[in-house]
Amino acid sequence: MAALRGVGAATRERLARLGVRTVGDLLTHLPRGYQDRRRLLPLAQVASGSDACVSATVVRVGSFRHRGRRTPAITIADDAGDAATLYAFGRPQFGRSLLPGQRVLVYGRFDRRGGRLSAGSFELMCPQEAAAGALVPVYPATAGLTQPALRRMVDAVLAAAAPPEPFRVPAETAAARRLPDKAQALACVHRPASLESAEDARRALAYEELFLLHLQLARRSPAGRPRPVRRRAGRLQAAMIERLPFALTDSQRTALAEIDADLYGPRTSARLLQGDVGCGKTLVALLAAAGVVDAGQQAAIVVPSEALCFQHAETASRLLEPLGVRLGLLSGSTDRAARVLLLATLAAGGVDVLVSTHAVLSEPVRFADLGLVVIDEQHKFGVAQRAAVAAKAPAGDLILMTATPIPRTLALTFYGDLTLTSIDEQPPGRPPLRTHLVRGDHRERVYRHVESELAAGRQAYFVCPSIGGDGAAPDDTGDLFAGAHPPAAAPAAGASDSSASARALHTRLRERFAGHRIGLVHGAMAAAEQRAVLSAFHAGAVNALVATTVVEVGLDVPNATCMVVEHAERFGLAALHQLRGRVGRGADHAYAFFIFGSELTPQAVERLRALKEHADGFALADLDLALRGPGELSGTRQAGMPPLRFARLAADLDLMREAQADARRHHRAGGGAPDGGRPACG
Ligand code: ADP
Ligand code: MG
């Protein structure tokens, strides 16, 4: 795209701050709104907090000092005699050429306080200047770059007769959606005749943007490849369900039906199975695996931690082995001899279901016939890792599971290559979890409560942000892939803070809860050691577990009723929600105690409050989005999506769906790049 011409170095640098480097960038620098100069309001009718355009006379040009800087203050009055004051913050030279009695047109954001009208953000023009346009764009601007300057630059580009340019979507789609010419749509968003036409033009541009994004996603997706249809026996699934001590929830049943439709369909599938902590995703995954095994193929379940690997292997052996399904377990702690044997058995088809950590990626693992890959806690894996795991089953199906719900619009943008299934109910008979926020100096009250729970035979978790002692890593995500929630930096001298360090807390709690068995688990321990402690906790032989976030995801010990998190302010919202999801999985009342230290940032306070107020992961995901913005949200940054210039995440959900469907159809029909080979999305 052509570089900007006739623009000085200083302006160029300012434009770059807005992401504008080329003519094309300038044309796609979308106005954030429009000044409507057609409707002039008498000052008496201007609502506080709203944008308005008024015609008035300058009464007085004065100034006052604001934060030590000269700030011009211009008083204007309209024909009815009502007055308002305009404050030119940060523009000390403003008003030099204004004279009392002069007619002006003012567009501003007005506030009314104590009956006085004022505007701290405004544009002032002489009436002739204003007559030029009725709807005037207001651009995202930056210091030193004014609205009129931006408008002049855009005008210059628009005036340089752009050749007609079709949208980069298939001709029949453009016709069906009645898309105008692209150059015309761009001109229209900058210089609209009406607000409606501006919005129509923006949606046309957004549609193209989303179509190209989804086309790229469809190409990258492992889904949609034709493959032989699987034989549907259903015997194993039915036998499993029959042996369960409970009934599937309706949500689990629906999710399974959707997954089955994929598994027995004519094309490969890729599905995102979302569901809040504790809703029972593991069971759905194992049932799906059973279906594939029934058809004579293999399944692999990949998890992000050793702890989860052992747990899933145990669950699988409880549910599947009695039915004759042959299991394999591969993790970082599988010893060499066992590994060699396992790999040979897998390649020969002697293992039906493999439960594995990301070790499956570092090994030259070959399957006889891998039909299904399930990635649990998928947000803990990177894009490349997910793709590498999926590549193990080129003609197979892929299920990604996550308990970190993301708002639907974001899911469609960032996981647009996947089909979504949500489990939105918890198994019955679980009393609601109670979340308490506790100041550090009230810790003892929490301990007394935990003591009574332990005395009643129940169990507890204590989670610390760091391992502490012995010069070990100061923090411990316990993840094989460092997730998007870095625990806020641990203090440099972590060991001195005995409640932040797992080792120190373990020592302290062994004294405090003498008579109970207190275990310790963290990521710096050997995998076999971790496994021993976790099995003892599962079995109830360890009453309370002091841990780092190695227990953040997936662990399932229904007898545990207390989750105590030390320095909760150092954890992200999603991590805290996951952590409290470790309890409340049984019929007993369960409690989460988030103990906070003294160094609370306003964001930490908001996070903790949100957790106390909302039990539902989806509500929290929306809040997380609002607090941190989409770029920071779990998993999305790694997804490396291009920023969207025209589409609006919340408002364009319908467009997003349509663009996704159109792009998938185009891709399946063997459609190339709609503009004849140029790569989509740069
Ligand atoms: P998550 O979705 O967080 O991975 P899990 O798969 O770990 O949840 O399941 C949480 C617990 O709920 C497990 O103890 C599991 O046995 C139990 N569970 C799963 N489905 C049901 C059900 N339909 N009714 C009762 N309990 C269930
Ligand atoms: Mg789980």
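Throughout, residue positions are numbered sequentially from 1 according to the sequence presented. Every number for a ligand or one of its atoms is a count from 1 in the order of the listing.
Polar contact check, Pro558 against ligand 1: no nitrogen or oxygen pair lies under 3.5 Å apart. Considering backbone and side-chain N/O of Leu283, none are found under 3.5 Å from N/O of ligand 1.
No part of Arg318 comes within 4.0 Å of ligand 1, judged by heavy-atom distances. The backbone and the side chain of Lys281 each have at least one atom closer than 4.0 Å to an atom of ligand 1 (non-hydrogen atoms only). With a heavy-atom cut-off of 4.0 Å, Gln252 touches ligand 1 through its side chain alone. If you look at Thr249 next to ligand 1, the close heavy atoms, those under 4.0 Å, come from the backbone and the side chain alike.
Aromatic pair Phe593/His449: centroids less than 6.0 angstrom apart. Checked against the 6.0 Å centroid criterion, the rings of Phe513 and Tyr447 qualify as a close aromatic pair.
For the pair Cys279 and ligand 1, a heavy-atom separation below 4.0 Å is found. For Ala403, the heavy-atom gap to ligand 1 stays at 4.0 angstrom or more. Residue-ligand proximity: Ala247 is placed with a non-hydrogen atom under 4.0 Å from ligand 1.
For atom 18 (N) of ligand 1, the nearest protein heavy atom (residue, atom name, distance) is Phe246 CZ, 3.7 Å.
Between atom 12 (O) of ligand 1 and the options Arg585, Arg430, Gln578, the minimum heavy-atom separation is to Arg430.
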